[in-house]
Every structure is written in structure tokens, then in C-alpha cells.
> 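Shown below is the structure under consideration.
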Amino acid sequence: MKQATRILHVGRPRGDARGQPVNPPVMHASTVLFPTVEAYEAADGQRYSELSYGRHGTSTSAALENALAELEGGYRAIVLPSGLSAISAALLAFARPGAHVLVTDAAYGPTRNLCENVLHRFGVDVEYYDPRIGAGIAGLVREETTAIYCESPGTASFEVQDIPAIAAAVEGRDIPILNDNTWATPCLFPSFERGVDISIHAGTKYIVGHSDAMLGVVVCNERYWRTVRDMVGLLGYATSPDDCYLALRGLRTLSLRLEKHEANGLAVARWLEGCDMVERVLYPALESDPDHALWKRDFRGACGLLGFRLKVADRENAVRFCNALELFGIGASWGGYESLVSIPKPTRKVSTIPGEGALIRIHVGLEDCDDLIADLKAAMETVAA
Ligand SMILES: *Cc1c(COP(=O)(O)O)cnc(C)c1O
């Protein structure tokens, strides 16, 4: 089955029961009642696969988890209440005093905050590495290394990581490769074929897709699922069944939406590349991007999130540009149907983002791209004036 077909069928009620709704129902529960102590204790022993208590999930979260695991090709998925809670649970699963964790220098800001303010406080040695390190990661791996954390493409910089090379460098060792796959979604980067062990998503973005719910997802291979699932249980995270329902609903149009985000993203990126106020565009789907070949080898497409640098370096110009836009909203997040703009905060420690001009990030939404380009053009003219 092709992906566009599978995405409509994963996680849906099966079997020949008559009078079945198309979508899984929303099951709300805290207490679940059992006829006997024996039945209750048996269900509690199987809490990751049977209904036992609301915090461990209901049939609605299970439907979403099954859908996402099948779509990405993982063993099992775990849903969480936000993208950041998915990152924190996955990283904490491999944290202990004295552990060494390698984290890409292109990681999302709150991921870095977690590393520096939580992991570090509990005695984990977090070391940032250049996202373009590839097989060179072997030179940083130590006896105490317990995880390698990737995010590809990088949050504000869009470097593509050579994850197959990183995975090959630690093959045969008990060092899981974690990857924040939010940009590519389960559709555009087949994590487990590329050597990832634990794939993390801010479902808040494209999976929910409509800017109206928070959600996190961790998809694991068989080797590491139990370790991460137990940590999620220990931390007490529980995800709202209503938000799981919104994610299941958003998921059905994900591959269709991504096609349009990519087409619009490419049209906008090409226009920006030809704009004489722009120094460079950061988007691996562009033929001129230094990571284009790597992206083409490993990814099945691109989404609508990209960066660019103005020729001028002072922040004031970036602020004027953003304020002048009409169709691009100013605000956190991305991956909804609408276009957005933001000015990334500088975070890098051991590497730099190519170029020198003021950095701007845009999410290209599902609007008609002629209108988006006209809006960008008018805002550029405001800055030039
Ligand atoms: C937004 C985002 C997150 C965090 O997701 P929330 O649902 O906002 O907690 C994590 N990673 C990336 C790459 C993101 O863009």
C-alpha cells in the first residue's frame, strides 16, 4: 500500500462489527471498573496493552499510537501531552549520574534548556556536536555515552544530519540514536530504515495540523520501547483523549497537506533565492542547498518550514520585515494550515549557522503561493524603503 492509502486506514476500528463509525470513538476515563480483584490485577499487569487506569491511556490514545507506529515503521508509539514532554521523557530514559549524552548543536531551544537545566543538574554530561559531524561522531563517543540525540533538519538552521553514518559509527553498542523528526513527520523520513532507534515528534505541529492542540509522540523500535514506556509511566504523563482524537483527525490529511506545503515552500524558497535583499535561503529541498544531496538520499519530501538570511545583519530589519507581513502570523509553533514568521534566537555553542545576515524563519502554509509571495515582496519593499 502507498503511504497516501495507509494514512487513511491506520489505527481505525477493524473487524466485521456492523454499524461501526469511521473514526475511533473518544473514550474518557480515570477509573476503570473490574468485576474482581483478580481481573483488576491482571489488567494492571498488562497496563501498556489493556485498559487499566486513565493515566495509562484509553482506546483513543491506543488508536493514535497504533496509527503512528505503523505509519513510521516502528515497534510501538507512545503519546504524550506535548512535544517537549516527549523529548524530556525520551532523554530521561537514558540519563543517570555520570552518563554522557551527545546532542546536536542544531537542537530546538527548549531541548537545550532541558539538557542544561535538568540533565546537567542530575549529573549528566551533555556535549553538543556539530550537526554536520556524520561518521566523525565516533571521535566523541565515550565509554559512558548513553544516547546520541539528533534533530534533522536543524530547528532554525536546516542542516541535514547524516543519520545513517552516525548509526553506523555506534553499531553493535548499546547507544540509542534519538531523533526529533518533527520537520519530516512520519511521512517524509523513514526513521527506522535510516538507523534511528527512537523517533520523537511534536505532534502539535503537522500531525495535529490545525494549531489547536498540544501533543507529543515517541515512536520506538523493539529494543528501546520498554525503557522509554516505563519512564513515561514513572513521570506520570497522561494525554487527553480529546487531543488524541484531534491528532487522529489531523493525521488523515497529513500526506495531502504536506504535498501542498512542499510545493508552496519550494515556490517561496525559489522566490527568496532570487530576491536581491536575501543573502541565502536555508531549505534542503532547494537544489543549491549544501545538504540537498543528503536530503534527497534520505528523505521522501519536504515540509513548509524554512529559513533565510537578509543581506543586512541588524535585527531591526528582520523585525520590520516580520511586522510588515499581512498573511504570515507572528507567534510560536508551526505546522498548522496557516503561514507564520519568527526570528530565531541564537543558541549555537560549537558550530555556526551558515551566512551572516539577519535570520528569519517562515512556515509556508496552505494559502495560494502567489498571495504569499506578493506579501513577502511588499514586506521586502517596506524594509528597503
Ligand atoms: C515545537 C517543537 C517541539 C516542541 O513541541 P511542543 O508541542 O510545543 O512542546 C519540539 N521539537 C521541535 C523541532 C519543535 O519545532
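Along the sequence shown, the residues carry numbers beginning at 1. Model, not experiment: these values are computed from the prediction. Hydrogens, waters and symmetry mates play no part in the numbers below; they use all other heavy atoms, side chains included. When a ligand or atom number is given, it counts from 1 through the structure's own listing order.
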> Cationic tip of Arg348 within the cone over Tyr128's six-membered ring, i.e. under 6.0 Å and within 45° of the normal?
no
> What protein heavy atom lies closest to atom 14 (C) of ligand 1? Include the residue and the distance to one decimal.
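Atom 14 (C) of ligand 1 sits closest to the protein heavy atom Lys205 NZ, 2.8 Å.
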> Hey, is Thr111 one of the residues with a heavy atom under 4.0 angstrom from ligand 1?
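No; Thr111 lies far enough from ligand 1 that no heavy-atom distance drops under 4.0 Å.
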> Nearest 0.5 Å please: distance from the CG atom of Asp44 over to the CD atom of Glu50.
10.5 Å
> Step by step, work out the side-chain hydrogen bond (donor to acceptor under 3.5 Å, both in side chains) result for Ser339 and Glu367.
CA-CA 8 Å; Ser339 290; Glu367 298 90 341; 2.8 Å; yes
> Is His201 close enough to touch ligand 1? Criterion: a residue heavy atom under 4.0 Å from a ligand atom.
no
> Only pairs under 3.5 Å count here: list side-chain donor-acceptor contacts from residues 266-278, not counting sequence neighbours, and write none if there are none.
from	atom 1	to	atom 2	distance (Å)
Arg270	NH2	Glu287	OE1	3.3
Arg270	NH2	Glu287	OE2	3.0
Glu273	OE2	Ser288	OG	2.3

> Give the numbers and elements of all ligand 1 atoms closer than 4.0 Å to a heavy atom of Leu84.
4 (C), 5 (O), 6 (P), 9 (O)
> Check ligand 1 against Thr155 and write out every atom of the ligand that is under 4.0 Å from a heavy-atom position of the residue.
13 (C)
> Show which atoms of ligand 1 fall inside a sub-4.0 Å distance from at least one heavy-atom site of Thr204.
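Result: 6 (P), 7 (O).
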> Closer than 4.0 angstrom: is that true for some heavy atom of Trp334 and an atom of ligand 1?
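So Trp334 counts as touching ligand 1.
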> Checking the side chain of Arg300 only, and the main-chain atoms of Pro190 only, is there a donor and an acceptor separated by less than 3.5 Å?
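A pair under 3.5 Å: no.
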> Looking at non-hydrogen atoms alone, which of Ile87, Ile200, Asp180 comes nearest to atom 12 (C) of ligand 1?
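Considering heavy atoms of Ile87, Ile200, Asp180, the nearest to atom 12 (C) of ligand 1 sits in Asp180.
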> Pairs of nitrogen or oxygen atoms closer than 3.5 Å, one from Met214 and one from ligand 1: do any exist?
no
> Could you state the interatomic distance from CD1 (Ile148) to CD1 (Ile137), rounded to the nearest 0.5 Å?
5.0 Å
> Has Asn221 got a side-chain atom pairing as donor or acceptor with Tyr224's backbone, closer than 3.5 angstrom?
yes
> Tell me: protein heavy atom nearest atom 6 (P) of ligand 1, and distance?
Gly83 N, 3.4 Å
> List ligand 1 atoms under 4.0 Å from Ala202, heavy atoms only on the residue side.
2 (C), 3 (C), 4 (C), 5 (O), 10 (C)
> Examine distances only and state if a side-chain atom of Ser82 and a backbone atom of Leu215 form a donor-acceptor pair shorter than 3.5 Å.
no
